[in-house]
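Working notes, beginning with the structure itself.
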Amino acid sequence: MNKKHFTKLLLILILIPAGLFAQGINWDTDGTSYTLLEGSQISRVSLPSLQKTTIVTADLLIPKGQTKALAIRSYAFSEDAKKVLIYTNSKRVWRQDTRGDYWVLNLATKEFKQLGKTMPESSLMFAKFSPDGSKVAYVSKHNIYVEDLATNKIKALTKDGTTKLINGTFDWVYEEEFDCRDGFRWSPDSKSVAYWQIDANTIRDYFMLNTTDSTYSQIIPVEYPKVGEKPSACKVGVVDIATAKTIWMKVPGESTNNYIPKMEWAGNSSEIIIQQLPRKQNETKLMLCNIKTGEAKTFYSESDKAWVNVNNRGGESVGWDWLKNGKDFIWQSEKDGWNHLYIVGKDGKEKLITVGDYDVINLLAFDETSNVIYFTASPENATQQYLYKTTLDGKGKAERVSPLNQAGTHSYNISPTGKFAQHRFTSSVVNPVSEMISLPEHKPFNEAESIDAKIAKQKPRKNKVEFLKIKTEDNITVDAWMVKPYDFDSTKKYPIVFMVYTEPASATVKDTYSAGSNGLYSGDMAKDGYIYVSIDGRGTPSPKGREWRKAIYRKIGQINIRDQAMAAKELLKNKYIDPTRVAVHGWSGGGSTTLNLLFQYPEIYQTGIAVAAVANQLSYDNIYQERYMGIPQENREDFVNGSPITYAKNLKGNLLYIHGTGDDNVHYQNAEQLVNELIKYNKQFQFMAYPNRSHGIYEGEGTRAHLNTLFTNYLKQYCPPGGR
């Protein structure tokens with residue numbers, strides 16, 4: 001249901017173009033060079049010459065007594081660039097590999113030593129150099145430790161951590177729905193650490209069963225707050241490195257009825273800034289907290305009739321965009337109906353930076369010296385994305401920086417000074433390509449290696465993607481893409497297959513090379529004779545303004561389902577589409593949509609393949625469902641009216657339902673509840689349970705090949721391909 005990081009969508013296979021977001025570059029602080037990982041070595045590239053120098057060779061990363069260099073998962077330099085922190089031997093925690101081993105390489109002495117030697121293997125999380133480079137702090141087994149790099153002495157900063165009382169990181173739901181993982185921050189003066197503490201003792205465990213790895217089943221508990229239950233208690237403290245004494249911030253409000261999804265040092269070492277949301281997530285409060293007294297003062301707030309956004313940049317709750325040496329910061333808000341950038345001061349005063357009837361998609365970079373701010377937007381076409389700039393003082397107009405001849409989706413990794421960038425581009429006809437450029441002129445460093453030069457060498461795409469605007473009988477215009485068979489003959493009738501998601505976490509209609517492809521289908525749908533379509537209706541996070549995105553509030557499973565069905569109804573007016581061969585499929589939220597379409601509009605859709613669907617909205621987690629649907633104690637009917645299980649009795653067509661029994665995200669109980677309801681009404685269907693597989697259904701030998709074969713065979717059997 002959420003996006004980001006092999007998300008619950010599992011649409012990564014379908015939506016994200018391969019290589020577009022592959023591992024990029026790490027900018028040096030002066031912005032004139034960057035480093036990158038090349039196998040077991042780290043190189044530095046100077047700009048604009050592109051001269052490369054190896055700064056960490058593989059032989060420096062061989063532990064004593066061993067013969068092989070460590071496999072680097074990621075790395076980070078100290079602020080003075082004299083030491084390198086190496087992350088290796090990583091293990092997955094829910095969504096990402098955030099637990100592993102850390103080593104420090106001293107570039108001057110070549111000393112290479114492991115941190116946390118007394119800790120269990122692969123148990124360290126989020127290790128970070130102190131700003132002065134003398135220490136490293138990390139989390140292990142739900143406590144925070146600091147290690148002196150000169151003496152190797154390890155000091156516990158917290159000692160009360162358990163699986164339910166979590167210091168320096170987060171519980172399942174904070175990670176899944178707020179992207180909160182790294183739960184502590186060094187102070188600028190290296191004397192203290194600010195951190196979150198999550199008390200999940202009041203959160204009931206959801207018990208999953210592992211029945212495949214031993215003779216007797218194993219119980220796998222996950223603290224998982226279902227919708228309608230109060231959040232886990234959350235508080236923020238600041239611990240002094242010298243004394244290991246924590247001062248807790250006196251954040252007003254009941255801790256089990258509010259969230260703190262964002263926290264940072266407030267541009268100095270004497271106060272921190274936090275963002276607090278109430279349980280309904282319809283108001284944001286920004287507070288400054290004195291680290292000596294713990295006093296918290298709200299200086300800025302805003303509310304929305306639906307929900308407010310957490311305001312993350314870069315996909316995770318890390319970082320705050322400070323200006324004027326910590327006096328002001330950049331903030332995003334939809335308060336005027338569009339997602340815009342503001343400058344907000346610690347006195348609560350604000351100034352609009354971006355002006356106009358368009359959405360800022362992402363803030364990318366800014367430079368006070370040159371009075372410029374860079375962001376992505378696409379005022380004319382919601383399926384695309386371009387680089388724009390304007391002035392930080394709010395007096396300028398938005399200017400497109402991306403080349404006019406490159407229509408599609410652009411992404412950028414901009415240097416700290418805003419002078420250089422790694423530029424990536426893709427579209428429905430351009431396989432992802434990249435180049436290094438200078439800004440603001442957007443000039444490639446090397447014309448022979450430019451994006452334009454690389455595009456000229458690409459072969460034309462076989463399956464042409466058409467982008468459509470469909471106006472429904474409700475006077476709603478939606479974006480869609482369509483791929484027709486290679487041998488398309490307008491005098492014949494072809495089957496049509498819809499790929500759906502259509503919830504607030506993700507949009508599917510993007511002008512990228514992945515548009516029109518199906519990672520679940522074994523073969524080529526266009527070659528086999530299918531028309532393949534995806535539609536974005538209201539509620540999807542497209543840059544079409546607040547009203548478009550938030551029309552879905554308390555209407556998931558209703559308004560988004562109708563938009564899909566009414567758009568399909570319009571497409572079926574085309575004589576080349578066979579109305580007796582209409583199929584739909586989706587994963588997670590898309591699985592829920594598939595079920596709702598099949599059950600609510602059986603006159604349109606005859607075949608559906610739903611994977612890992614939320615069959616009952618009352619079974620999902622509190623943060624996601626309550627953000628978009630409200631609290632069920634107040635409007636239970638909305639949850640019932642939007643849940644596929646409510647309409648299961650209407651099934652007339654062909655249903656293949658797929659779920660992993662080890663799904664910690666959308667629990668397997670959804671499948672069993674839906675199966676019971678279908679049995680109750682004697683509705684015949686096909687069901688595939690993947691033993692002990694998670695939400696992604698990829699673990700185990702042969703799993704993905706089996707899933708793809710199952711998907712393809714079912715589609716071909718019940719929605720046969722080819723023109724007739």
How are the rings of [X] and [Y] set to each other: parallel, tilted or perpendicular (split at 30° and 60°)?
| X | Y | value |
| --- | --- | --- |
| F178 | Y174 | perpendicular |
| Y412 | H410 | parallel |
| F711 | Y521 | perpendicular |
| Y206 | Y224 | tilted |

Which distance, rounded to the nearest 0.5 Å, do you find between the [atom1] of [X] and the [atom2] of [Y]?
| X | Y | atom1 | atom2 | value |
| --- | --- | --- | --- | --- |
| T163 | D205 | OG1 | CG | 8.0 Å |
| W27 | I414 | CH2 | CD1 | 9.0 Å |
| L105 | L70 | CG | CG | 10.5 Å |

Do [X] and [Y] come close enough that some side-chain heavy atom pair is under 4.5 Å?
| X | Y | result |
| --- | --- | --- |
| T118 | Y145 | no |
| V45 | K52 | yes |
| S190 | K135 | no |

Mark yes or no for whether [X], through its side chain, and [Y], through its backbone, hold a donor-acceptor pair below 3.5 Å.
| X | Y | answer |
| --- | --- | --- |
| K419 | T32 | no |
| T512 | T426 | no |
| W196 | C234 | no |

Over-ring placement of R461 relative to Y513, 6.0 Å and 45° cut-offs: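 Because its charged atom sits under 6.0 Å from the ring centre and within 45° of the axis, R461 does stack over Y513.
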Test salt bridge (Lys or Arg N to Asp or Glu O under 4.0 Å) applied to K128 and D182, step by step: CA-CA 10 Å; K128 294 187 284 290; D182 179 351; 2.8 Å; yes
Nearest non-hydrogen partners of Q41 and T57, listed with the distance: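 Distance-wise, the nearest heavy atoms are CB-CA, 4.1 Å.
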side-chain contact (heavy atoms from CB on, under 4.5 Å), paired with Y690, selected from V611, D663, L707: L707
